[in-house]
Asks: 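If you scroll down you'll find the structure; I have some questions about it.
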Amino acid sequence: MELSAEYLREKLQRDLEAEHVEVEDTTPNRCASSFRVLVVSAKFEGKPLLQRHRLVNTCLAAELLHIHAFEQKTLTPEQWARERQK
Amino acid sequence: MSGSLSRAAAALLRWGRGAGGGGLRGPGVRTAGSGRGGGSSAEQLDALVKKDKVVVFLKGTPEQPQCGFSNAVVQILRLHGVRNYAAYNVLDDPQLRQGIKDYSNWPTIPQVYLNGEFVGGCDILLQMHQNGDLVEELKKLGIRSALLDEKKDQDSK
């Protein structure tokens, strides 16, 4: 079972047609395999947070079985553009 | 990753023993049903999440969270002055721990339920806290967030 940040990044990018994906391996800060991800995708438009997070969870369903802790941030391209301006 | 959200998250994730103290009357901590080997069927969980307005599943207890994310949930509820909520410690009950994940189709703990409905985990609660949605959702449940009173005090100065 491949569980590298790079692998997760590519999978998220592909499945969610993401404009931007960041995956941080936070395992050193936690007790077991842990990741923090940022996904920017037009697929999140018009979707409430819970639905967005479920899209990510579905994409990584197999991997999440082996991940202990998972943080995610999901933005639309517009939200991402605004954040970068801050 | 953007600055402010991760800084706020980092602040909430910092946790130490006794973080839940301060002399406040603690939240209503309930333990998941007395039934053994069956205390986590879908029907039972359904009843559990609907029994109280605010229900959280944590690793640890509000007084002693055993995980940074669970602690973040406890701290956010504390900030809003929500004291009467049901908190279930999944570390006490492996069947509950798996059962609640199956029930909500959500892979991680903590889990937050408002008015019987699954709201999300720590990330979502944190974002709702930051964008004002949590105050609104609590209002719908007839719970007045303590942050509203804080703001009122600030405005009147």
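Sequence lines set the chain letters: A, B, ... in the order given, protein chains first and strands last, and positions in each chain run from 1.
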Asks: A quick test of your reading: do over 12 heavy atoms of other residues, nucleotides or ligands sit less than 6.0 Å from CD of A:E78?
Replies: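 No.
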
Asks: Suppose we screen for salt bridge (charged side-chain N to carboxylate O under 4.0 Å, His left out). Which residues come up paired with B:E43, at least two apart in sequence or across chains?
Replies: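 None.
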
Asks: Quick one: pull up CZ in B:F69 and CD in A:E71 and give me the separation to the nearest 0.5 Å.
Replies: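 These two atoms lie 3.5 Å from each other.
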
Asks: Tell me, for A:L50 versus chain B, whether the close heavy atoms (under 4.5 Å) come from the side chain, the backbone, both or neither.
Replies: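 For A:L50, backbone and side chain are both near chain B.
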
Asks: Tell me the closest heavy-atom pair linking B:K59 and A:H68, and the distance in Å.
Replies: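 Here B:K59 and A:H68 meet closest at NZ-CE1, 3.6 Å.
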
Asks: Could you look at B:N105 and say if it's the side chain, the backbone, both or neither that has a heavy atom under 4.5 Å from chain A?
Replies: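 Looking at B:N105, backbone and side chain both touch chain A.
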
Asks: Answer with side chain, backbone, both or neither: which region of B:K101 has an atom nearer than 4.5 Å to a non-hydrogen atom of chain A?
Replies: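 Neither part.
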
Asks: NZ of B:K139: more than 12 outside heavy atoms within 6.0 angstrom?
Replies: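 No - once you tally the heavy atoms of other residues, nucleotides and ligands closer than 6.0 Å, there are 12 at most.
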
Asks: Just how far is it from atom CG of B:D123 to atom CZ of A:R52, taken to the nearest 0.5 Å?
Replies: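 Result: 13.0 Å between the selected atoms.
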
Asks: Nearest 0.5 Å please: distance from the CG atom of B:L125 over to the CG atom of A:L49.
Replies: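 Output value for this atom pair is 11.0 Å.
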
Asks: If the contact rule is any heavy atom under 4.5 Å from chain A, which residues of residues 110-121 of chain B qualify, in numerical order?
Replies: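 Within residues 110-121 of chain B, the residues that come under 4.5 Å of chain A (heavy atoms only) are B:F118, B:V119, B:G120.
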
